[in-house]
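Structure first, commentary second.
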Amino acid sequence: MRYLILSDIHANWEALDAALDDATGRYDAIVCLGDLVGYGADPNRVTDWVRANAKMTIRGNHDRVCTSDESLDAFNPIAAQAAWWTQNALTATNREWLHNLPRGPVKVNGFDLVHGAPLDEDRYLVGLDDVLAEVDYLSTRLTFFGHTHVQGGFEVKKRQIRRVPKISNNADEGVLEFDPDALYLVNPGSVGQPRDRDPRAAYALYDTEETWVTYRRVEYDVEEAQRKIRDARLPDLLAERLSRGF
Ligand code: ZN
């Protein structure tokens, strides 16, 4: 079974559309690691599409905060302003669907999906120490995670952890080959708000019959996504950062 792995779309329809176009013919099913909404100007269009087309979606922290009365205090002022805007923009159907998304880890066909970290959806896996704290809780050889908006991941072999490479900034594709004795935490990158200094939309492909994950990057219409953010009077920084990729 060939999976398209999407994460952190963040209401960016132009980025999602380009990623789907780029992945055409290369997958049988879609899984989504959460944060469909927050930051971008198209929360309903993105949610409608994922709701209709993804086989499994888990919730991200923005999906939770934008659909509940949880305090926005944990968010910086810009994220909080975007969350407040999103709460008001979502249709009742989408709000309810996002609110009821399952929390990871969720197992799909032998691999796990989490938003932040296996133990805590709000936790960022950035450094090797962050991963060490989670190693004992990995239940499969392959766990996909998001939340950091950084494409790449970690290999865990006999409690030794190392970073596994992401795509170099001018390539469209990179392949991570599995060592049969290691476990992997793989971040497909963010579709709609990359923060790894590469503004292109990021996603991953995984075929359960194979022993690798493919990372992809694709150009999209950044200007159109920015125009919508500005027209919606969302904070300008949210538009600006899309062209920087951080
Ligand atoms: Zn996110």
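First listed ligand is number 1; within each ligand, the first listed atom is number 1. From a predicted model like this one, the values you see are computed outputs, not experimental measurements. FYI, the numbering just counts along the sequence from 1. Below, each value reflects all heavy atoms present in this structure, side chains not excepted, and no hydrogens, waters or symmetry copies.
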*Below 4.0 angstrom, N of the basic side chain to O of the carboxylate: do Arg200 and Glu219 qualify?*
no
*Carboxylate-amine/guanidinium proximity below 4.0 Å for Asp122 and Arg64*: yes
*What protein N, O or S atoms come within a distance below 2.8 Å of the Zn ion (ligand 1), ordered by chain and number?*
Asp8 OD1, His10 NE2, Asp35 OD2, His149 NE2
_Residues Arg227, Glu223: salt bridge by 4.0 Å N-O rule_ = no
*Would you call Asp179-Arg141 a salt bridge at under 4.0 Å N-O?*
no
*Within a strict 4.5 Å, meaning less than it, do heavy atoms of the Val191 and Asn12 side chains meet?*
no
*For the pair Arg2 and Asp207, find out whether any cationic side-chain nitrogen is under 4.0 Å from an anionic carboxylate oxygen.*
no
